Amino acid sequence: MRVLVTGGAGFIGAHVVAAFQAAGHESVVLDALLPSAHSGGPPEHVPGGRLIVGDVRDREAVADALAGVDAVCHQAAMVGLGKDFSDAPSYVGCNDLGTAVLLAGMAAAGVRNLVLAGSMVVYGEGRYDCPRHGAVRPGPRAEADLEAGRFEPRCPDCGAELTAGLVSEDAPVDPRNVYASTKLAQEHLAAAWARATGGRAVSLRYHNVYGPGMPRDTPYAGVASFFRSALARGEAPRVYEDGGQRRDFVHVHDVAAANAAALAAVVEERPPASFAAYNTGSGEPHTVGEMAAALAGAYGGPDPVVTGEYRLGDVRHVTADSRALREELGWRPRVSFAEGMADFAAAPLRGSLGRPGKAPSRGREGGREAAAGLNRG
């Protein structure tokens with residue numbers, strides 16, 4: 001099968017192309033090679049695929065890339081929280097307009113199979129239970145609480161302490177920043193495309209993806225990349241809040257395998273509906289502080305520093321219930337947390353042409369890089 005992989009020269013996309021090659025598929029890669037994720041000139045080739053250097057917002061480039069393909073795996077996106085709200089037009093343009101142009105091209109070309117790189121950020125906060133009111137959904141955390149070091153959300157009805165749990169795909173969506181809003185819009189566009197064309201689409205809601213090839217020294221990377229970049233500079237990873245934020249860190253090899261499983265399912269029409277979303281996580285929740293300590297330990301130090309800084313728009317806890325992906329599509333994560341962190345500590349990072357940016361932080365110390373870990377990398 002010939003598959004168009006948008007963003008296929010990027011961090012996750014390159015691993016997806018390799019997974020498709022291992023499954024016997026041919027890939028066509030459409031990648032704009034944005035400097036925030038790539039250094040140097042265009043790669044001479046993409047292992048397992050043909051490279052087209054072009055923007056997913058360019059109708060002609062998309063039409064060229066779609067010629068003769070059987071399916072699309074849409075990885076291209078601007079990720080992370082960025083530097084400030086002035087990035088909003090870029091996010092909407094890259095993520096939502098780009099997706100709309102791609103889907104329109106697919107409709108015209110008669111391509112009816114889509115795997116979309118989604119994100120857990122569409123949920124906002126994860127699942128919480130109050131001892132009195134059961135499952136509740138706390139609103140955004142108040143800046144005054146964050147400034148005072150009160151990081152845990154409270155029950156919106158009685159103010160009681162909450163217990164964090166695993167979020168499932170049927171949880172209400174509640175995007176709390178521009179990036180999250182664009183990722184949810186991508187899903188809505190994909191669902192509308194599927195209904196209008198008779199196509200089938202699966203969105204894989206990535207949790208915190210990490211692994212070899214993450215971009216370094218950019219405000220658009222993920223928390224694991226920030227920590228790994230700091231260690232490479234001989235600096236201590238700076239952990240925001242109190243380090244107790246719970247996340248699901250999933251290795252990029254497992255995410256690539258999830259894309260291969262989703263592609264097979266879409267082509268075989270196994271998902272129960274024309275559009276389906278699946279959490280894609282390791283099933284091993286850990287705190288950001290635990291991740292920083294494990295990575296620093298595997299790298300050989302220095303030890304992480306907990307700073308108490310914070311970013312508005314970050315959520316406290318969000319961890320995946322990935323049972324549906326396992327049970328319906330037959331996928332299993334293979335890389336354990338300990339194994340993955342040891343591998344990542346020794347792995348090279350992808351350089352960046354973009355100047356390292358100072359992520360907007362608040363709190364008692366002026367941070368150099370954000371460490372909330374919302375984005376997928």
Side-chain angles (χ1 to χ4, degrees), residues 12 77 79-82 117-130 134-142 145-146 150-156 161-184 186-187 203-210 221-227 239-252 254-255 258 277-292 310-326 333 337 340 370-377:
I12 297 176
V79 302
L81 289 183
S119 176
M120 52 79 175
V121 296
V122 300
Y123 298 116
E125 290 284 353
R127 176 186 173 88
Y128 291 90
D129 289 292
C130 170
V136 297
R137 293 190 60 79
R141 295 178 293 171
D145 286 337
L146 297 174
R150 296 187 294 268
F151 301 120
E152 292 290 342
R154 295 278 180 158
C155 175
E161 293 184 6
L162 300 175
T163 301
L166 302 180
V167 63
S168 60
E169 291 88 350
D170 60 359
V173 291
D174 184 19
R176 296 189 175 182
N177 54 62
V178 172
Y179 171 60
S181 299
T182 65
K183 296 308 290 183
L184 182 57
Q186 284 184 309
E187 290 193 349
S203 176
L204 297 175
R205 290 176 175 171
Y206 299 159
H207 283 245
N208 288 76
V209 185
Y210 72 97
V223 61
S225 175
F226 295 147
F227 292 166
V239 180
Y240 277 23
E241 301 187 15
D242 59 1
Q245 311 94 302
R246 287 169 59 84
R247 298 289 188 269
D248 187 322
F249 299 97
V250 57
H251 197 276
V252 68
D254 286 332
V255 169
Y278 293 95
N279 287 335
T280 307
S282 70
E284 293 185 67
H286 290 273
T287 67
V288 172
E290 289 170 345
M291 188 273 284
Y310 59 88
R311 293 196 301 181
L312 295 177
D314 284 352
V315 299
R316 180 63 174 175
H317 305 297
V318 55
T319 53
D321 182 347
S322 299
R323 285 179 296 177
L325 183 57
R326 293 174 170 86
F337 179 76
L374 278 174
N375 45 302
R376 63 181 175 84

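Just so you know, these numbers use all the heavy atoms, side chains as well, and skip hydrogens, waters and symmetry mates. The structure displayed is predicted, hence computed values, not measured ones.
By the 4.5 Å heavy-atom criterion applied to side chains, Leu146 and Leu312 are counted as neighbours. Side-chain contact check for Ser322 versus Asn279: some heavy-atom pair is nearer than 4.5 Å. Taking 4.5 Å as the limit, some side-chain heavy atom of Val315 sits within range of a side-chain heavy atom of Arg176. Taking 4.5 Å as the limit, some side-chain heavy atom of Val318 sits within range of a side-chain heavy atom of Arg247. Residues Tyr206 and Val79 form no side-chain contact, since every pair of their non-hydrogen atoms from C-beta on lies 4.5 Å or further apart. A heavy-atom distance below 4.5 Å is found between the side chains of Val223 and Met291.
In this structure, CZ in Arg154 is found 8.0 Å from CG in Leu162, a value given to the nearest 0.5 Å. Separation of atoms OH (Tyr179) and CG (Leu184) is listed at 12.0 Å; rounding is to 0.5 Å. To the nearest 0.5 Å, the span separating CG on Asp314 from CD on Glu241 amounts to 6.5 Å. Between the CZ atom in Arg326 and the CZ atom in Arg323 there is a gap of 9.5 Å [rounded to 0.5 Å]. Rounding to the nearest 0.5 Å places CZ of Phe249 at 8.5 Å from NE2 of His286. Considering CD of Glu161 and CG of Asp129, their distance stands at 14.0 Å, rounded to 0.5 Å.
A side chain to side chain donor-acceptor pair (under 3.5 Å) with His317 holds for exactly one of Gln245, Arg246, Glu152; it is Glu152.
Between Glu169 and Ala277, the shortest heavy-atom distance links the atoms CG-O, 3.3 Å. Taking all atoms of both residues into account, the shortest heavy-atom contact from His207 to Gly281 is CB-CA, 4.4 Å. The shortest heavy-atom contact between Val255 and Ile12 is CG1-CG2, 4.0 Å. Shortest non-hydrogen contact noted between Tyr128 and Pro153 is OH-CG, 3.6 Å. Of all the heavy atoms in Met120 and Asn208, the pair that sits closest is CE-OD1, 3.2 Å. Considering every non-hydrogen atom in both Tyr210 and Phe337, the closest pair reads OH-O, 4.1 Å.
With no hydrogens or angles considered, no side-chain donor-acceptor pair links Arg141 and Tyr310 at under 3.5 Å. Checked by atom type, the side-chain pair Asp248/Ser282 shows a donor-acceptor distance below 3.5 Å.
The backbone N or O of Gly124 lies less than 3.5 Å from no partner atom in the side chain of Arg137, so there is not a single donor-acceptor pair.
Under the 4.0 Å criterion applied to side-chain N and carboxylate O atoms, Arg316 and Glu125 are not assigned as salt-bridge partners.
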